[in-house]
Peer 1: 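Sharing a structure here in structure tokens format.
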Amino acid sequence: MNPTADHECDVCIVPCFDREAVADDIAAIQALKAKHKAIVLAHNYQRPEIFHGVADIVGDSLALAREAEKVDADVIVMAGVHFMAETAKLMNPGKTVLIPDLEAGCSLAESITAADVAALRARYPGRPVVAYVNTSAEVKAAADICCTSGNARQVVESLGVPEVIMLPDQYLAANVAAETDVKIIPWAGACEVHELFTPAEIVKLRLNFPGVVVLAHPECPPDVVAEADFSGSTARMVEYVSQHKPARVALVTECSMSANIAEASPETEFVRACSFCPHMQRITLKGIRRALETMSHEVMIPDELFAPARRAVERMLAVK
Ligand code: 13P
Ligand code: SF4
């Protein structure tokens, strides 16, 4: 079967990368990293040739935010989307942070502005605002605290209040609301990748692939999460597969995940019930090479947003 971006396929085959075809770019990137004292942070949704070929640190949004704080480098290349590069810059003001493609956005980050946050605060006075890291620096600056899919419930409960505003992902908000007594006021944003999955697809997967263990990302609608065996951030999915070693698994999330982690779990058959994120796919080896050759595109945070946006991320990182 050909690689496909159609989420309705039963098995999407993500091709393993041809190491010979990319050897030149990988060697050039490694040399450029040494020259500029640069490192590559890569999200779990990155192409396999980036994930396995040039990344120094890989992980979910939470891990990347934590690692960005610790890195010993002059230059950070974010192999991920724009909000991740902004978060890396917030945690590393003295370092040069590059994103290979400025168009690598996110439907969630684009669904809300700081003016929307101000309107929500006016409508629901006194409720703290929890902003998913999938937001712009201006929205983080307007929030009280950030969260990721890996710590959303803990962050919401850490505030010690009966009701919070949680934005912008309506599905993450609904999935967290199902796990906590804290009342959640959502925003109407959605991930353009995860909102397309349906419970019927999971039912079909189980029929076509008997015994399959289904893991769904919490950006999926609650009825999809309800059909799954487990729901968690991309890092929690990786952890689940390495700990439980299921014979057959379907990761209901971005396609590249399965390709990236399959190598480390040869005993598991990955049924790829997935969809590509067009924003994550904009990052390529050639783009990373060009970013390091030209030192672009440098990510900057406006001065007036820096301190409040960083505070929201730091408050999240302090939640255990
Ligand atoms: P996590 O890796 O934090 O689960 O996030 C998924 C995502 O959609 C990032 O864009
Ligand atoms: Fe944004 Fe969804 Fe793509 Fe993640 S997968 S970057 S949430 S559009």
Side-chain angles (χ1 to χ4, degrees), residues 5 7 12 14 41-47 50-51 55 57-68 78-88 99-112 130-136 139-140 146-155 166-173 175-176 187-197 215-221 224-225 228 230-241 251-261 272-283 313 316-317 319:
H7 78 284
C12 301
V14 181
L41 300 189
H43 186 261
N44 288 327
Y45 293 162
Q46 287 293 291
R47 297 163 182 272
I50 294 173
F51 190 92
I57 295 166
V58 295
D60 66 353
S61 308
L62 180 60
L64 294 184
R66 284 195 193 284
E67 292 304 326
M78 178 53 75
V81 293
H82 196 262
F83 74 80
M84 295 177 177
E86 283 190 330
T87 307
I99 183 141
D101 189 323
L102 280 172
E103 300 295 311
C106 169
S107 64
L108 281 167
E110 276 136 39
S111 72
I112 189 160
V130 179
Y132 195 26
V133 281
N134 298 39
T135 46
S136 64
V139 167
K140 288 184 176 74
C146 286
C147 75
T148 72
S149 56
N151 63 11
R153 185 178 57 79
Q154 290 88 328
V155 166
M166 189 175 173
L167 50 88
D169 188 351
Q170 61 185 298
Y171 298 124
L172 179 67
N175 287 320
V176 172
W187 180 250
C191 162
E192 68 188 82
V193 175
H194 292 93
E195 72 173 340
L196 298 180
F197 293 113
L215 315 185
H217 194 276
E219 288 171 9
C220 292
V224 171
V225 168
F230 173 84
S231 176
S233 74
T234 57
R236 298 278 314 278
M237 290 187 190
V238 175
E239 210 177 272
Y240 185 101
V241 173
L251 307 185
V252 181
T253 190
E254 216 274 352
C255 280
S256 304
M257 266 284 289
S258 296
N260 290 338
I261 70 170
R272 284 158 188 161
C274 59
S275 213
F276 285 102
C277 170
H279 309 289
M280 289 282 180
Q281 290 287 306
R282 294 189 79 94
I283 309 298
V313 178
M316 167 187 84
L317 293 175
V319 174

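Ligands are counted one by one from 1 in listed order, and the atoms in each one are counted from 1 as well.
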Peer 1: List the closest protein heavy-atom neighbour of atom 3 (O) of ligand 1: residue, atom name, distance to the nearest 0.1 Å.
Peer 2: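 Heavy-atom neighbour on the protein nearest atom 3 (O) of ligand 1: S61 OG, 2.9 Å.
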Peer 1: Just to confirm my output: which protein heavy-atom neighbour is closest to atom 2 (Fe) of ligand 2, and how far is it?
Peer 2: C191 SG, 2.3 Å
Peer 1: Which of the atoms in ligand 2, numbered in the order shown and given with their element, are less than 4.0 Å from a heavy-atom of N134?
Peer 2: 7 (S)
Peer 1: Could you check whether any side-chain heavy atom of N44 comes within less than 4.5 Å of a side-chain heavy atom of F51, counting everything from C-beta outward?
Peer 2: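 SC-SC contact between N44 and F51 confirmed.
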Peer 1: Has R47 got a side-chain atom pairing as donor or acceptor with Q281's backbone, closer than 3.5 angstrom?
Peer 2: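 Yes, the answer is positive, given that a donor and an acceptor are paired below the 3.5 Å cut-off.
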Peer 1: Tell me whether ligand 1 is touched by M237 - counting only heavy atoms on the residue side and a distance under 4.0 Å.
Peer 2: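 Checking ligand 1 against M237, which is what was asked, there is no heavy-atom contact under 4.0 Å.
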Peer 1: Counting each atom of ligand 1 from 1 as listed, which ones have a heavy atom of S233 under 4.0 Å away?
Peer 2: 4 (O)
Peer 1: Any N or O of D60 that comes nearer than 3.5 Å to an N or O of ligand 1?
Peer 2: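 N/O-N/O distance below 3.5 Å does not exist for this pair.
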Peer 1: Distance to 0.1 Å, residue and atom name: give those for the protein heavy atom nearest to atom 10 (O) of ligand 1.
Peer 2: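 Of the protein heavy atoms, N134 ND2, 3.5 Å lies nearest.
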Peer 1: Touching ligand 2 at all, E254? Heavy atoms, strictly under 4.0 Å?
Peer 2: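 Heavy atoms of E254 never come under 4.0 Å of ligand 2.
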Peer 1: With distance as the sole test, does R236 use its side chain to make a donor-acceptor pair with the main-chain N or O of S231 at under 3.5 Å?
Peer 2: no
Peer 1: Near L108, which atoms of ligand 2 are under 4.0 Å from a heavy atom of that residue?
Peer 2: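 Counting atoms of ligand 2 from 1, those under 4.0 Å from L108 are 7 (S).
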Peer 1: With a 4.5 Å limit on heavy-atom distance, are the side chains of L317 and R66 in contact?
Peer 2: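 Yes. Closest side-chain heavy atoms under 4.5 Å.
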Peer 1: Supply the atom-to-atom distance T135 OG1 to E86 CD, rounded to the nearest 0.5 angstrom.
Peer 2: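 Going from the OG1 atom of T135 to the CD atom of E86 covers 8.5 Å.
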Peer 1: How far is atom 6 (C) of ligand 1 from its nearest protein heavy atom, and which residue and atom is that?
Peer 2: H217 NE2, 3.4 Å
Peer 1: For atom 1 (Fe) of ligand 2, what is the nearest protein heavy atom, given as residue, atom name and distance?
Peer 2: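 The protein heavy atom lying closest is C106 SG, 2.4 Å.
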Peer 1: For E192, is there any backbone N or O sitting under 3.5 Å from a side-chain donor or acceptor partner on S107?
Peer 2: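 Present.
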Peer 1: Determine the sole option in C146, S149, C191 for which the side chain to side chain contact (heavy atoms under 4.5 Å, CB included) test with Y132 is passed.
Peer 2: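 It is S149; the other options fail the test.
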Peer 1: Looking at C220, is its backbone amide N or carbonyl O close enough to the side chain of N175 to form a donor-acceptor pair, meaning the two atoms are under 3.5 Å apart?
Peer 2: yes
Peer 1: Quick one: which ligand 1 atoms are inside 4.0 Å of a heavy atom on M84?
Peer 2: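 By the 4.0 Å cutoff, the relevant atoms are 9 (C), 10 (O).
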Peer 1: Does only the side chain of C277 get under 4.0 Å from ligand 2, or the backbone, or both, or neither? Count heavy atoms.
Peer 2: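 For C277, only side-chain atoms sit under 4.0 Å from ligand 2.
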Peer 1: Can you sort out which atoms of ligand 1 are near E219, meaning under 4.0 Å from one of its heavy atoms?
Peer 2: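 That gives atoms 6 (C), 7 (C), 8 (O) of ligand 1.
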Peer 1: Going by the atom numbers of ligand 1, which of them fall below 4.0 Å from some non-hydrogen atom of S149?
Peer 2: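 In order of numbering, the contacting atoms are 1 (P), 3 (O), 4 (O).
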Peer 1: Taking the side chain as C-beta and beyond, is there a heavy-atom pair between H43 and S61 under 4.5 Å?
Peer 2: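 With C-beta onward as the side chain, the pair touches.
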Peer 1: Judged by modelled atom types alone, do H217 and E254 share a side-chain donor-acceptor pair under 3.5 Å?
Peer 2: no
Peer 1: I need the atoms of ligand 2 closer than 4.0 Å to a non-hydrogen atom of S107, numbered in the order shown.
Peer 2: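 Numbered from 1, ligand 2 contributes 8 (S).
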Peer 1: When rounded to the nearest 0.5 angstrom, what distance separates CD1 in I112 from CG in L167?
Peer 2: 4.0 Å
Peer 1: One residue to check: T234. Relative to ligand 1, which of side chain, backbone, both or neither has a non-hydrogen atom less than 4.0 Å away?
Peer 2: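 It is both parts that get close, each with some atom under 4.0 Å.
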Peer 1: Given that the side chain starts at C-beta and the backbone is N, CA, C, O, which of these parts of H43 lies under 4.0 Å from ligand 1, counting heavy atoms, or is it both or neither?
Peer 2: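 Side chain only; the backbone of H43 stays clear of ligand 1.
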Peer 1: At less than 4.0 angstrom from any non-hydrogen atom of Y45, what atoms of ligand 2 do you find?
Peer 2: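 Answer, ordered by atom number: 5 (S).
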Peer 1: Distance from Q170 atom CD to E219 atom CD, nearest 0.5 Å?
Peer 2: 11.5 Å
